[in-house]
Amino acid sequence: MFRFTIHNRAPVIMNYNLNQLSTRQEKQSTYKALKSLLKLISVERKNLWLALIAILVNSGLLLLGPLLVGHTVDTYIRTKQFHGVLVFGGILLVMYMIAMVTGYTQTRLMGGVGQRMLYTLRNAIFNKLQELPVSFFNQNKAGDLISRVNNDTDKLNQFFSQSLMQFIGSIVTMIGAGIFLLSINTALGAATLSPAVVIVLFTLALSPWVKGKNAKNLKSVGSMSAEIQESLNNFKVIIAFNRRDYFRKRFNEANTENYKTAIGAGLANNIFVPVYGLLSSIAQLITLLFGIYLISTGNFTLGLLVSYISYTTNFYNPLRQLAALWTSFQVAMAGWDRISQILSLESNLKQVKVDENITSDAALLEFKNVHFSYDGSKEILHNINLRFEKGKTYALIGPTGGGKTTTASLISRLYDATKGTVLLNGKDIRSFSAEQRTQKIGFILQEPFLFTGSVKENILYGNSLYKEVSDEQLEKIIEEANLNALLAIFDEGLNTQITSASDSISLGQKQLIAFMRAVLRNPELLILDEATANIDTITEQLLGSILNKLSKETTLVIIAHRLNTIENADEIYFVNEGEVQKAGTLSDALNMLLKGKRVS
Ligand SMILES: Nc1ncnc2c1ncn2[C@@H]1O[C@H](COP(=O)(O)OP(=O)(O)O)[C@@H](O)[C@H]1O
Ligand SMILES: [Mg+2]
């Protein structure tokens, strides 16, 4: 009958849990992380170059200073030519003023780069989150995600706006000072620089530990934020079951954990500064003692020693700053790891290309040997075969937890089958674009989702047909679709406001809005997942009559727990323990249901 091959079948990713991924991804090298980060800011190339030039000029001027001072001491002060001292004093003043301007320019440029990067990153993460499949949101807590979008991105911004150029400037100043130190007197230079080697080794040895501590801290900020979000979401349940103590305890645990990791990170982050300070003081001491010795043996001048001490300061001061900057870099990298984890995830719900020969007897929707598992380990649906024909009405019944909602989720492609194929119009459902698919398939979920806004906005959500209709036009459309009796249930009609998405209207009313939303889209296939569960019998009859008046072309899949709603079904399927079988007549279905342990 059919023959189809699938190109680049998307791998079915099961594990979307970021906090489990992290153990694997934490090993990502700093170099690799940095490279991917630099790609992100390549659009700022011009500003980065300008800032770099500014910082180079700045460092160059600061480096020239001590040489001029030394020269002044040896040529003018020791020979008491005070005119020369004044001239050189003036030159130095102008140089330091230019250095101030370049320093300011650099700060301003990089501040802008940092803010724009923050903006781009937040957008990138948010857009990525919109692309990810439902499995991702099942496996990650909203609070942790929010913390990644808010907190971690800001760590990167701080590094870029405050530290990056300072970092480069410090390195340039250090290299320059190092060259001066070695070229004026190699032996003295080598002695002065020797403590720096210790510093470098110390830094390299400790950096992974520092980054690890910071990663732990960011993670605990995420967990705490997840804890807050969960208790805010469930506050009614918490109060109703008097479980405030329980949540207080859980929050306290998260907060304690955060406190501990923050102390740990603080300790790690501050370890460099004192060590650097000590070693730079030692270097000054070496320079002074060795320098005086060289002067006493007649191999050095006082002016040169003055320059030398300045260069030693010029070398070790930036190094001391580097200690702080290095920490800020480690924090930023730990944040970037958490961000790139999200950015590198791929949706497993990509559109795929298929070659197929569609036969004329292709059903509207078909399941062929479909298996499904939410987490990749426990199989929920086992080898499902279904066939829904155009214009017919199907009912899925069965005990709670049997797999009805899961089946409906696969039809609307909230998830992809783990094995087997779901076919829409005889073509793999994964080959349709999201737009094509949602035009054909409408569904009303067991837990409908509404936005804050008016009933009108909620009804028209995602409906490309009626994007720009006026209230009057929409009322007419609603009347033609026989939905006006439903709209009348809302006090202010289309303009009824839904203030807080969870509370201002009842669950039943939400289902009515979801119902109107789905029917107005005029889909080829309409799935109702216990859509009448929270609706009174009279309104339910109303819904029934609306469904009866739907176009004869519309295929209906009704998942119901009250049998009266499925009287008119052309075919009844019994869904139990992940298996689906045809139930035959309504009374056969009833028998099957009664045999099941729990009746939904
Ligand atoms: N998001 C999910 N993650 C993991 N397991 C799930 C998820 N949703 C449902 N399940 C499991 O899948 C099985 C079928 O559930 P469901 O399809 O909702 O049943 P029904 O709608 O028939 O009551 C149940 O064992 C349930 O625990
Ligand atoms: Mg269900």
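Ligands are counted one by one from 1 in listed order, and the atoms in each one are counted from 1 as well. Values below: all heavy atoms of this structure, side chains included; hydrogens, waters and symmetry mates excluded.
At a heavy-atom distance under 4.0 Å, only side-chain atoms of I380, from C-beta outward, approach ligand 1.
Remark: side-chain polar atoms of T421 are not paired, donor with acceptor, to backbone N or O of L423 under 3.5 angstrom.
Side-chain polar atoms of D428 and S431 form no donor-acceptor pair below 3.5 angstrom. At a cut-off of 3.5 Å, with distance as the only test, a side-chain donor of D154 or N157 sits close to an acceptor on the other residue.
Distance check for T406 against the Mg ion (ligand 2): none of its N/O/S atoms falls below 2.8 Å.
Of all non-hydrogen atoms in P523 and K440, the two that sit nearest each other are CB-O, 3.5 Å.
Going from atom CG of N463 over to atom CD of Q439 covers 9.0 Å, rounded to the nearest 0.5 Å.
For the pair T406 and ligand 1, the shortest N or O to N or O distance falls below 3.5 Å. In terms of polar-atom proximity, defined here as any N/O pair under 3.5 Å, T407 makes no such contact with ligand 1.
Using a 4.0 Å cutoff on heavy atoms, G398 does not count as a contact of ligand 1.
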